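Convention: sequence-line order gives letters A, B, ...; per-chain numbering from 1. FYI, side chains are in, hydrogens and waters are out, and symmetry mates aren't considered; it's all heavy atoms of this structure. As the structure is a computational prediction, the values presented were derived from the model and not from experiment.
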Amino acid sequence: MEQRYDPKKIEPKWQKVWEENEIFAAPEDTSREKYYLLEMFPYPSGRIHIGHVRNYTIGDVVARYKQMCGYNVLHPMGWDAFGMPAENAAIDNNTHPAKWTYENIATMRKQLKRLGFSYDWNRELATCDPDYYRWEQWLFLRMYERGMLYRKESFVNWCETCRTVLANEQVEAGCCWRCGRQVKQKKLWGWFFRITDYAEDLLEYCDKLPGWPEKVLTMQKNWIGKSTGAEIRFPVNGTDETIAVFTTRPDTIYGATFMVLAPEHPLVQQLAAGTGQESGVTDFVARMAAESRTDRMLENREKEGIFLDAWCVNPVNNKKIPIYTANFALMEYGTGAVMAVPAHDQRDFEFARKYGLEIIPVIKPSGEEAEETAKEQAYTGDGEMINSGPFNGMHNREAYEDLIDWFEKQGIGKREVSYRLRDWGISRQRYWGAPVPVVHCEKCGIVPVNENDLPVVLPEDIDLLEGGGSPLASHEEFVKTKCPKCSGPARRETDTMDTFVESSWYFERYCSPHYDKGMFDPEAVDYWMPVDQYIGGVEHAVMHLLYSRYFTRVLKDLGLVAFKEPFTRLLTQGMVCKETQRCPEHGYLYPEETEYRDEKILCKKCGCPAELGRVEKMSKSKKNIIDPNLMVEHYGADTVRLFCLFASPPERDLEWSDQGVEGGSRFLNRIWRLAGNWISALSETPPYDGPPAGLGGAARDLYIKTHQTIKKVTDDIEEKFHFNTAISAVMELVNAMYGLESQLNPHEAEQRVAGVMRHALETAVLLLSPMVPHITEELWAALGNRAGSLANEKWPSYRKDALSTDTRLIVIQVNGKLRGKFEIEADADEETIKERALSDENATRFIAGKPVKKVITVKDKLVNIVV
RNA sequence: GCCUGGGUGGCGGAAUAGGUAGACGCAAGGGACUUAAAAUCCCUUGGGGCAUAGUCCCCGUACGAGUUCGAUUCUCGUCCCAGGCACCA
């Protein structure tokens, strides 16, 4: 064994051993229990960043741990390889998206290997590979046949920078999730997946995923946004038309004093036609259409509308009420029409005030006069029904049910549920994505491509357009085709699919990545799926995770898989953060742009003292990034991994600290030296693993500490993935070994003691091996253990009889305050312990002759004397 | 505004079926080794108090109440921070 710990030497060595011996290959061995561990695959942006390192280190520890526990572990890695950055980079650097992507993949693969992750590289996949996306196109065709998707023209979210459409989930606070540009509304034809058909099921199962963080489930529930209520039809005066509204408050219907239609509602123009309001309405609608959706949804947006010069009838009291169109009604939600009850809805209230419309309270809070209700603002609470004909005097909750029953009997309405979730628009007007496999025929219309003609391959000989936009439309060879139905001339669809489509089923593809008869081998999927543990960033809480749950349901309904939920357990890891440095003149500074002098951090450019900013998520714009590759270069992969695990528990944010990394490195060196001191003395010694009864003194203490550590580390990993406390425990064990060493020279240790030491050392190595796999392999081998890999060793187990010492530390309290402590034999009876506590010198001072009211004893822990 | 988390030393973080608050690490200080430095090893380290310097006392887990023999942990109220949603009828 080398004197010095040199990760540069040992890390590549063991990486080679793992690769050559296929230590992490995952065969479909159905006789063994499987464990599918998955981390969210990366977009091949060019370099691995620290967030990846953290994510994949957490996953790697679990994968290696489960493998040591005897599971057949599937731990794959691949590339979410379609997407716009490739196109933009290709334009900037005058290269091809494919070339750029594959080069990035090569770089990043190398970086991942350098970190020693336990992937089964035979299963690597890239979603831009035609062998991958052909099955996505195949699925598209199956969904098309079943009516699970459709094409429509609608207002869609458009990002001018990316020059493409975005799904609702991809709009964050009115801006593009990728580039941050404000999203506009644009009328466009596009393809949609009917995810709303699954809204109820997706929602229901949120309560059946105990392995998911509550936070993520809540976000999904909110996103789906279920509301229950009623749909009610209002006849329009003087026509045969009716206006259907959705309301969550049918109990307030007697207070409906006007009707509001969304500007895009088909009846708006129709009803205003030929009235004095026609031109005003047309102008209003045009103005609303020109406004972006985000402008329209701005906070506290002034409510605005216009009367259509048309009336409808409130079916409960036959009252004539005016019809308006207004900016706060949304065509996409419910029916696009609102029955306005200004007394009990704040928006309606504001609108009514502005336009001088009638406000009739129909629910009165108890203890308030009817005249007082809804005077200053809408009253949205419960109470007694008033002004509501036969329902007067009832509680509104009761009337709610009775009213809907009455609507149903009269045939004017029914119970109805509405969701916030919209269908998933998957059309993208970009090049670097999977082509939608249909053609447009002049005679036959939309015709799906024949299954045998798949894949519809993305042509590589294209000229990318400056500023984006799809070059496919002008690629004659691609576009010009024959109709699969009539063989007449036809044009290919040039939309490509949202890249979230690829990531909605890649975990199933991993089960049989080279299968060429379908999306996946049913047997392989049957064995491996669902994913037992999924790990990734919380930023995908609604997008990727919701789409994947939806896709799995589609696959199930097509008879391709037998389960609904793809991920049994989910861990969302926190962000990696670092403090920022800022110069008043030069803005944010990289660490290398500052120098440390006279206990101050100074800007190198101007010499001004830099302000230490707050700790924020690492990003280029804040200049608080660190490059994991430089860190690995300097300290080795094991140190970087150790720090990522030790600095905080996985679900919390991690604050990067250069000194903390240094500390990690110091700990690894400490073990290395300890092993070095003992290795020759232990060469002939087998580890002691008998009962603790045969041991005494320091050896006995160390032996018990060892078993306690095994239990602690196992529980920490098993229950919560709290690697930080697991590492702490091993550090304590290492400190204990140093403690023993300070008492005796390794070469003079008697056989029994040396055996205990060997056991402790080997245990520390085994327990750390999933976290820092290289140094532990090297130490394991140096200790003379059999060849192979630690990954195939058994995870250590603890002896119950070696978990506790023979004495207990008992705490003495008087009136709940700590007044003393003493050690006593573990088998001492309660009376003895009580007596000992009551006679304690310090405790007696506080009892001070007062009568003892009560003595509470907690076994093995404390005695509390109440006076 | 609504919904989730979360507020513990100089710092990252431990400890909650209620039972010694501050494990482990970082930083800081002291000592050993060295001609010297680095590295290493050992010790101290929440704040305050003391004519008894201790197995001592008081205070302390955002703030204020409450339950309890005993609360960082449970209940109620308040403040602050982070994330998500937000004219969804």
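For the residue pair A/Arg4 / A/Asn669, no side-chain donor-acceptor distance below 3.5 Å is found, with atom types taken as modelled.
Applying the side chain to side chain contact (heavy atoms under 4.5 Å, CB included) criterion to A/Arg845, with sequence neighbours excluded, gives A/Asn842. Shown here are the ring-ring contact (aromatic ring centres under 6.0 Å, His included) partners of A/His707, two or more places apart in sequence or in another chain: A/Tyr703, A/His759. Residues passing the ring-ring contact (aromatic ring centres under 6.0 Å, His included) test with A/Trp212: none are found, sequence neighbours excluded. Scanning for ring-ring contact (aromatic ring centres under 6.0 Å, His included) contacts around A/His540 gives A/His544, with sequence neighbours left out.
In terms of position on RNA chain B, the residue among A/Asp345 and A/Asp653 whose nearest nucleotide sits closer to the 5' end is A/Asp653. Projected onto RNA chain B by closest heavy-atom contact, A/Asp348 and A/Gly739 fall at different nucleotides, the more 5' of which corresponds to A/Gly739.
The base of B/C69 lies close enough to the side chain of A/Asn864 for a donor and an acceptor atom to sit less than 3.5 Å apart. You won't find any donor-acceptor pair under 3.5 Å spanning the side chain of A/Arg347 and the base of B/C88, going by distance alone. Between the side chain of A/Lys303 and the base of B/C87, a donor-acceptor pair under 3.5 Å is found.
Against the 90° criterion about 0, the sugar-base torsion of B/G77 places it in the anti range.
Residues A/Glu200 and A/Lys226 are paired through a salt bridge, judged by an N-O separation under 4.0 Å between the basic side chain and the carboxylate.
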Base-contact (B) and sugar-phosphate-only (S) positions in nucleotides 50-61 of chain B, heavy-atom cut-off under 4.0 Å, - elsewhere
------SSSS--

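Remark: the separation of the C1' atoms in B/G18 and B/C41 is 41 Å, to the nearest Å. Remark: the separation of the C1' atoms in B/U72 and B/U61 is 5 Å, to the nearest Å. Nucleotides B/C33 and B/A38, compared at atom C1', are 13 Å apart to the nearest Å. Separation of the C1' atoms belonging to B/G70 and B/G19 is 7 Å when rounded to the nearest angstrom. Across B/C74 and B/G5, the matching P atoms stand 12 Å from one another, rounded to whole Å. When the C1' atom is compared between B/G6 and B/A62, the two are found 11 Å apart, to the nearest whole Å. Between B/A51 and B/U35, the two P atoms lie 46 Å apart (nearest whole Å). Rounded to whole Å, the separation between the P atoms of B/C81 and B/C76 comes to 23 Å.
In the set B/C85, B/C69, B/A89, B/C85 carries the atom at the smallest distance from any side-chain atom of A/Arg420. The side chain of A/Phe328 approaches B/C87 more closely than any other nucleotide in the set B/G5, B/G19, B/C87. Of the candidate nucleotides B/G19, B/G13, B/A89, B/G19 has the atom nearest to the side chain of A/Val858. Here the nucleotide nearest the side chain of A/Leu809, chosen from B/G19, B/U4, B/U20, is B/U20.
Rounded to an integer number of Å, the gap from CD of A/Glu651 to C1' of B/U4 is 15 Å. In this structure, A/Met575 atom CE and B/G84 atom P are separated by 9 Å, rounded to whole Å. Atom CZ in A/Phe667 sits about 12 Å away from atom P in B/C41, given to the nearest Å.
Residue contacts for A/Lys215: at a heavy-atom cut-off of 4.0 Å it reaches the sugar-phosphate backbone alone, with no base atom in range. Residue A/Val338 is in base contact, counting any heavy-atom pair closer than 4.0 Å across all strands shown. Across all strands shown, A/Pro649 has heavy atoms under 4.0 Å from sugar-phosphate atoms exclusively, and none from any base.
Within the structure, a side-chain polar atom (N or O) of A/Arg652 is placed less than 4.0 Å from OP1 or OP2 of B/A14.
Looking at A/Asp653, its side chain never comes within 3.5 Å of a backbone N or O of A/Gly574 through a donor-acceptor pair.
In summary, the aromatic rings of A/Phe258 and A/Tyr355 are positioned with their centroids too far apart to meet the 6.0 Å limit. Aromatic pair A/Phe646/A/Phe723: ring centres not closer than 6.0 Å.
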Residues A/Tyr333, A/Ser227; criterion side-chain hydrogen bond (donor to acceptor under 3.5 Å, both in side chains); working and verdict:
CA-CA 11 Å; A/Tyr333 186 75; A/Ser227 308; 3.2 Å; yes

Close N or O pairs between protein and nucleotides 23-30 of chain B (under 3.5 Å):
unit_1, atom_1, unit_2, atom_2, d
B/A23, O2', A/Glu732, OE2, 2.8
B/A23, N1, A/Ser728, OG, 3.4
B/G25, OP1, A/Asn735, ND2, 3.4
B/C26, OP1, A/Arg666, NH1, 2.7

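Pairing for B/G29 is with B/C43, a Watson-Crick or G-U wobble pair whose two hydrogen-bonding atom distances lie under 3.5 Å. Base pairing analysis places B/G19 opposite B/C69; the two distances defining the Watson-Crick or G-U wobble pair are each below 3.5 Å. Taking a pair to require two hydrogen-bonding distances under 3.5 Å in either a Watson-Crick or a G-U wobble arrangement, B/C2 pairs with B/G84.
Note that the CZ atom of A/Arg652 and the CG atom of A/Asn724 stand 8.5 Å from one another [nearest 0.5 Å].
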